[in-house]
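What follows is a set of notes on a single structure, which appears directly below.
Worth saying up front: this structure is predicted, and the values here are computed from it rather than measured.
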Amino acid sequence: MPDDMARPLVRGRGEGGASRNLEALMPEPGALVIGILGTGDFSRSLARRLVASGYHVVVGSRNPKRSLPLFPEDAEVTSQMEAATQADLIFMAVFPEHHSTLLQLKPALAGKTLVDVSNGLHLNRDGPSNANQLADLFPESFVVKGFNTISAWTLQVGPRDGSRQIFLCSDNPNAKNSVMQLCRRMGFVPVDMGFLSSSLEIENLPFYLFPSWHIPVICTLSLFFVFYLYNFLRDILHPFIKEGKSVFYKMPIETVNVTLPSVALVMLALVYLPGLCAAYLQLYWGTKYNRFPNWLDRWLTRRKQFGLCSFLCAVLHAVYSLCLPMRKSARYKLLNAAFKQVKQGVEDSWVDEEVWRMELYLSVGIMALGLLSLLAVTSLPSVANAVNWREFSFIQSTLGYCALSMATIHTLLFGWDRAFAPDQYRFHLPPTFVLVLILPMVALLGRLALLLPCVALRLRKIRRGWERSQHIRFTLTDGHSNGLEDVSNV
């Protein structure tokens with residue numbers, strides 16, 4: 001069976017003699033004639049998708065004979081003036097610096113809808129946008145900004161790949177509605193962004209590189225660097241200085257494997273700390289209508305990214321742990337320990353305490369990773385759209401705190417009684433697991449405090465609109481009129 005993605009959407013001229021691919025639809029009588037000015041990659045993909053959607057497409061080119069073989073047979077390739085004259089709606093698929101070369105078409109474009117699909121060369125924060133400049137060049141036309149956030153590949157293969165959303169804005173509602181109908185017929189989802197003043201924001205969208213991920217990624221890398229350096233000082237540099245023992249072979253695997261769970265646990269605690277801060281601020285203010293500080297606001301909006309970074313570190317920790325017995329150093333240590341026991345005549349080295357600790361340690365760690373996997377899967381938009389708000393909140397909040405609790409217990413079991421051993425405080429520095437437990441314990445204890453009936457009731461009242469500073473006073477006077485007398489909170 002041939003691959004649908006490899007098959008051309010519409011047959012070009014000379015391909016099998018067919019005038020139209022089976023995917024293309026016949027134009028409807030009285031349908032809009034769509035014009036495209038420009039013959040680049042985006043223009044060719046757009047023409048293929050429009051023809052497949054049943055539109056009559058007219059392409060305007062400075063050299064129609066040269067551009068004719070590049071377009072599907074069902075699209076008419078002609079001069080720019082003729083295309084502007086025939087079309088009811090025109091896509092301006094030319095670079096913005098060449099918009100001024102189209103001024104000769106101003107009479108033919110008067111009263112028609114122009115769709116600006118252009119992007120700038122860099123992030124533009126000051127303006128004006130390309131769409132605003134096009135509107136100034138053609139004041140008698142109706143400019144709609146859109147189709148600049150999807151690629152030529154997405155247009156060619158259709159909305160089954162990539163994003164289905166197309167952001168649109170215009171000062172003319174009728175022109176914008178006609179483009180929205182065209183988007184739906186092409187299989188895309190139009191998103192109304194308002195007036196043409198929003199065009200600068202739409203044009204800047206392709207230049208953003210994971211804007212909500214900057215702080216979580218920087219935080220993850222910073223924590224990894226700090227914990228790795230801390231573990232290096234304690235586990236590698238200390239034996240080398242104090243005992244002259246070289247254990248630098250631990251740097252690629254063991255030190256990384258100790259660092260990754262530390263970062264994962266701290267990042268998971270950072271997911272739930274901003275919600276606790278918000279709750280305690282509302283309790284302190286006695287209202288939910290005060291605006292949170294900007295740092296807290298940004299922190300709250302990036303909790304998903306913090307959680308996914310934590311999940312990544314946890315998965316890498318699990319993979320590294322599974323690879324530990326595969327190392328040559330682990331095999332040598334195992335053989336040396338066995339030889340030492342035989343030499344000393346030790347028949348049984350079984351220690352119940354260590355066995356139970358390891359069994360519980362691994363079991364709780366697996367449960368924590370399983371819950372983190374559930375949280376990560378639920379954060380996917382396709383999965384989140386399949387559950388209601390109560391289900392989503394239960395998974396992300398209740399099960400999230402269960403995951404944090406399991407991860408904390410996992411760390412406590414690893415520490416067991418090691419936190420009280422003097423030899424663990426190398427360079428007078430506490431073990432890593434002692435440090436990483438601070439934020440998770442703060443988050444869990446803060447959550448437990450919010451579950452107290454008196455605190456939970458007050459917080460529930462605040463989030464339902466109750467305000468401590470709002471008072472109504474009633475006073476009973478000698479007459480029939482009411483004045484201020486008593487105080488009642490609402």
Has the side chain of Arg185 got a donor or acceptor atom that lies under 3.5 Å from a matching backbone atom of Ser53?
yes

Has Lys304 got a side-chain atom pairing as donor or acceptor with Ser379's backbone, closer than 3.5 angstrom?
yes

Would you compute the distance between atom CD of Gln305 and atom OG1 of Thr220 and round it to the nearest 0.5 angstrom?
10.5 Å

Apply side chain to side chain contact (heavy atoms under 4.5 Å, CB included) to Leu375 and Phe311, showing your working.
CA-CA 9 Å; Leu375 296 177; Phe311 175 67; over 6 Å; no

Flag side-chain contact, heavy atom, 4.5 Å: Leu182 against Leu50
yes

Going by atom type alone, with no hydrogens or angles, which donor-acceptor pairs under 3.5 Å involve a side-chain atom of residues 440-460 and a protein atom two or more places apart or on another chain?
none

If you take all heavy atoms of Trp350 and Asp352, which pair is closest and at what distance?
NE1-OD1, 2.5 Å

Please test Phe232 against Met251 for side chain to side chain contact (heavy atoms under 4.5 Å, CB included), starting from the C-alpha separation and ending with a verdict.
CA-CA 8 Å; Phe232 174 81; Met251 292 177 61; 3.8 Å; yes

Residue pair Arg44 / Thr39, side-chain heavy-atom distance below 4.5 Å
no

Trp299 vs Phe306 aromatic rings, parallel, tilted or perpendicular, using cut-offs 30° and 60°?
tilted

Side chain to side chain contact (heavy atoms under 4.5 Å, CB included) between Ser212 and Thr301, intermediate numbers included:
CA-CA 8 Å; Ser212 59; Thr301 58; over 6 Å; no

Could you pull out every donor-acceptor pair under 3.5 Å between side chains of residues 359-368 and any protein atom, sequence neighbours left out?
none

Can you tell me if Lys145 uses its side chain to pair, donor with acceptor, with the backbone of Phe167 under 3.5 Å?
no

Might you confirm whether atom CZ of Phe207 has over 12 heavy atoms from other residues, nucleotides or ligands at distances under 6.0 Å?
yes

Whether the side chain of Ser170 engages the backbone of Val143 through a donor-acceptor N/O pair (distance < 3.5 Å, no angle test) should be reported.
yes

Are any side-chain N or O atoms of Arg331 and backbone N or O atoms of Lys328, one a donor and one an acceptor, separated by less than 3.5 Å?
no

Correct closest heavy-atom pair for Val117 and Ala93 would be CG2-CA, 3.8 Å

Can you check whether Val256 reaches Phe224 side chain to side chain, under 4.5 Å on heavy atoms?
yes

With rounding to the nearest 0.5 Å, note down the distance linking CG in Leu168 to CE in Met193.
10.0 Å

Any side-chain heavy atom of Arg184 within less than 4.5 Å of one from Met180?
yes

Between Glu254 and Asn231, is there a side-chain heavy-atom distance shorter than 4.5 Å?
no

Does anything in residues 418-438 form a salt bridge (Lys or Arg N to Asp or Glu O under 4.0 Å)? List the pairs, not counting sequence neighbours.
Asp235-Arg426

Check whether any side-chain heavy atom of Phe427 sits under 4.5 Å from a side-chain heavy atom of Lys242, and report yes or no.
yes

Do Ser321 and Asn257 come close enough that some side-chain heavy atom pair is under 4.5 Å?
yes

How many angstroms lie between atom CD of Glu97 and atom CG of Asn130, to the nearest 0.5 angstrom?
8.5 Å

Which pairs would a plain distance check flag for residues 261-271, meaning a side-chain donor or acceptor within less than 3.5 Å of a matching protein atom at least two apart in sequence or in another chain?
{"unit_1": "Ser262", "atom_1": "OG", "unit_2": "Val258", "atom_2": "O", "d": "3.0"}

Enclosure of Trp285 CH2 (heavy-atom neighbours >12, cutoff 6.0 Å):
yes

Give me the atom names and distance for the closest heavy-atom approach of Val51 to Pro72.
CG2-CG, 4.3 Å

Enter the distance from Leu260:CG to Leu316:CG here, rounded to the nearest 0.5 Å.
5.5 Å

How long is the span from the CZ atom in Arg234 to the OG1 atom in Thr255, to the nearest 0.5 Å?
11.5 Å

In short, Phe292 meets Leu281 closest at the heavy-atom pair CD2-CD1, 4.2 Å

Those residues at least two apart in sequence (or on a different chain) that pass side chain to side chain contact (heavy atoms under 4.5 Å, CB included) with Ser222 are Ile218

Could you walk me through whether Asp417 and Glu353 pass side chain to side chain contact (heavy atoms under 4.5 Å, CB included), step by step?
CA-CA 11 Å; Asp417 58 352; Glu353 182 180 355; 3.9 Å; yes

What is the distance from atom CZ of Phe414 to atom OG1 of Thr432, rounded to the nearest 0.5 Å?
8.5 Å

With no hydrogens and no angle check, is any side-chain donor or acceptor of Ser45 less than 3.5 Å from a backbone partner on Phe42?
no

Pair listing, ring pair (Phe, Tyr, Trp, His ring centres under 6.0 Å) test, anchored in residues 242-278, at least two apart
Phe240-Phe248, Tyr272-Tyr401

Ignoring hydrogens and angles, tell me if any N or O in the side chain of Asn124 forms a donor-acceptor pair with the backbone of Asp126 under 3.5 Å.
yes

On a heavy-atom basis, the closest approach of Glu467 and Thr287 is OE1-OG1, 3.0 Å

Taking the side chain as every heavy atom from C-beta outward, state whether Cys183 and Phe147 have any atom pair closer than 4.5 Å.
yes

Checking the side chain of Glu391 only, and the main-chain atoms of Asn388 only, is there a donor and an acceptor separated by less than 3.5 Å?
yes

Would you say the side-chain atoms of Lys288 pair up with the backbone N or O of Arg463, donor to acceptor, closer than 3.5 Å?
yes

Side-chain donor/acceptor of Arg164 to backbone N/O of Val189, under 3.5 Å:
no

Is the OH atom of Tyr208 crowded by more than 12 outside heavy atoms at less than 6.0 Å?
yes

Give me the atom names and distance for the closest heavy-atom approach of Glu203 to Asn148.
CA-ND2, 3.5 Å

